[in-house]
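These numbers come from the heavy atoms of this one structure, side chains and all, not from hydrogens, waters or symmetry mates. Here is the naming used below: chain letters follow the sequence lines, and residue numbers restart at 1 for every chain.
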Number of protein chains: 2
Amino acid sequence: MRKPIAVRSLYGHVMHELGQRIVGGKVKPGEVLPREETLAESLQVSRTALREALKVLSAKGLIESRTGVGARVLEKRCWNQLDADVLAWRCASMPTDDFVDKLVEMREVIEPAAAASAARRRTAEQLAAIDTAYRAMDEAQTLDDWTVADLQFHDAVLQATGNELLQSLFSVVETALGTFFTLSARTAANFKYSLPHHQKVLEAIRRKQPEVARKAMQAMIADSQANLQQSRGRRRKKAGS
Amino acid sequence: MRKPIAVRSLYGHVMHELGQRIVGGKVKPGEVLPREETLAESLQVSRTALREALKVLSAKGLIESRTGVGARVLEKRCWNQLDADVLAWRCASMPTDDFVDKLVEMREVIEPAAAASAARRRTAEQLAAIDTAYRAMDEAQTLDDWTVADLQFHDAVLQATGNELLQSLFSVVETALGTFFTLSARTAANFKYSLPHHQKVLEAIRRKQPEVARKAMQAMIADSQANLQQSRGRRRKKAGS
DNA sequence: CCTGATTGTTTGTCATACAAATCACTATAA
DNA sequence: TTATAGTGATTTGTATGACAAACAATCAGG
């Protein structure tokens, strides 16, 4: 599921570099990038490789190239904000509280609805996949094991909706969970604290109770958010002292 | 807002052509495309232009190029289903009932939540934008005017959430509305039938009543879906007779 | 039968050249 | 003075040819 593909190729490196510069705010919307020749030179690649990177950034809505003018950075509203790379670039530096709140809101919109939908239409295989992920969470020994299994659980729920459009929103959920993990630095002792929430979701989907599943998922997210607020408070206190 | 940019350039044409072939099912997941040289020849373009198109398709998750192997079409689950182009390509041929149902489900997930969020956090300017769109709908004389204003209304609601991640889902809403318009071929007489629904949403957002806004939006979508089922029935009857 | 080197195929990258679109400037005319 | 048409400079778009790198298949040796 992970995709470090882009990092391998040269144009992938270039894309990453430029993408981070733009999303990170080093070049602002409205500005135009240096011309391709000089940009290629400063990045130590050929114009060909640079152009392929620019094309992909253009597909992500970050820039727009026009003949005789150059590559202009587009307004944020044009950006493909749900793109996995764009999300990753936004989280590259420490994400702002504001952005984290928006990720939480997305989870609140997507996941309870997905849980309800999954409870309605899941197949036996899809339920088994969720169950497998749940057991992996239960048996996790390390934080890493838990993280992998947790992602697998939420992915399995999205898959169980049978709606590929909802499934494509996994990149958002993935980013959100990943961010929360780094921000709310769990200890080895309490990282399993949300297991009961997951069990409730699993059981509701097993019993095909959409509204129960929705509520259970809502509760899980609310709890996660509370946990986040708590460590946010700790962080502020630390910074202030 | 519309983006016929890609159609202008050569590589845009190539991307469109190949994208439609893949999404349309002419080449199936797992298959590998012809090698770049022959593909470029058959499409009457240089390898340069072809490669830029392939890179963009790769960024949309449709294909994966590997040295020595070729460009393999990826599984549907890898596709960037929320990408505006991918959505458009899926609707290029008459969309299946199945796909339309999934679009409806997406609207049910996104728009009521967005309406509620907008009611909570809208600014005066954002409310004004929604109001403007509503008036344009009210004063629309032709079906075209209505369509434009309707899209503007739903976009304004998403904008009013202040969450750019939600805003990026407009491509889904846009595709859904566009599809419904073509499928449920309205007459000049009744194309304004959903105006009262829109008014309720507008008023709830004006009064900052999240749950009222959510319910109103839900009702609007349910009504739209009923309308769709109706014309779906007519279409079947016609095809069966 | 299995293992490892070799060879051919295909994409990845580079360099160069020219075409096409756009912008900035200037000269001209009303 | 203002508007307009034209002209040249700038930048991206496209084409071509060449070679490097990675991979698959084949074949030799154990």
Legend entry - Distance below 4.0 Å between B:R47 side-chain N/O and D:dA15 OP1 or OP2: no

Legend entry - OP1 or OP2 of C:dC14 under 4.0 Å from side-chain N/O of A:S46: yes

Picking from [options], which would you name as closest to the side chain of [X]?
X: A:T67; options: D:dC23, C:dG12, C:dA21; value: C:dA21
X: B:V45; options: D:dA15, D:dC23, D:dG13; value: D:dA15
X: A:L10; options: C:dC14, C:dT10, D:dA15; value: C:dC14
X: B:E36; options: D:dT11, C:dC14, C:dG12; value: C:dG12
X: A:S9; options: D:dT11, D:dA22, C:dT13; value: C:dT13

Does [X] pair with [Y] as a salt bridge, N-O distance under 4.0 Å?
X: A:E17; Y: A:R21; answer: yes
X: B:E41; Y: B:R47; answer: no
X: B:E36; Y: B:R51; answer: yes

Measure from [atom1] on [X] to [atom2] on [N] and round the result to the nearest Å.
X: A:K55; N: D:dT12; atom1: NZ; atom2: P; answer: 10 Å
X: A:I63; N: D:dT12; atom1: CD1; atom2: P; answer: 10 Å
X: B:R51; N: C:dT10; atom1: CZ; atom2: P; answer: 15 Å
X: A:E41; N: C:dA15; atom1: CD; atom2: P; answer: 10 Å
X: A:L54; N: D:dT12; atom1: CG; atom2: C1'; answer: 10 Å
X: B:L50; N: D:dG17; atom1: CG; atom2: C1'; answer: 17 Å
X: B:E64; N: D:dA22; atom1: CD; atom2: C1'; answer: 14 Å
X: A:Q44; N: C:dA15; atom1: CD; atom2: C1'; answer: 16 Å

Legend entry - B:F181 vs B:F191 side-chain heavy atoms within contact, under 4.5 Å: no

Legend entry - Non-hydrogen side-chain atoms of A:R35 and A:L39 separated by less than 4.5 Å: no

Inset, instruction - Answer yes or no: side-chain N or O of A:R66 and base N or O of D:dG13 forming a donor-acceptor pair under 3.5 Å. - result: no

Inset, instruction - Could you tell me whether B:T48 contacts a base, only the sugar-phosphate backbone, or nothing, with contacts defined as non-hydrogen atoms closer than 4.0 Å? - result: base

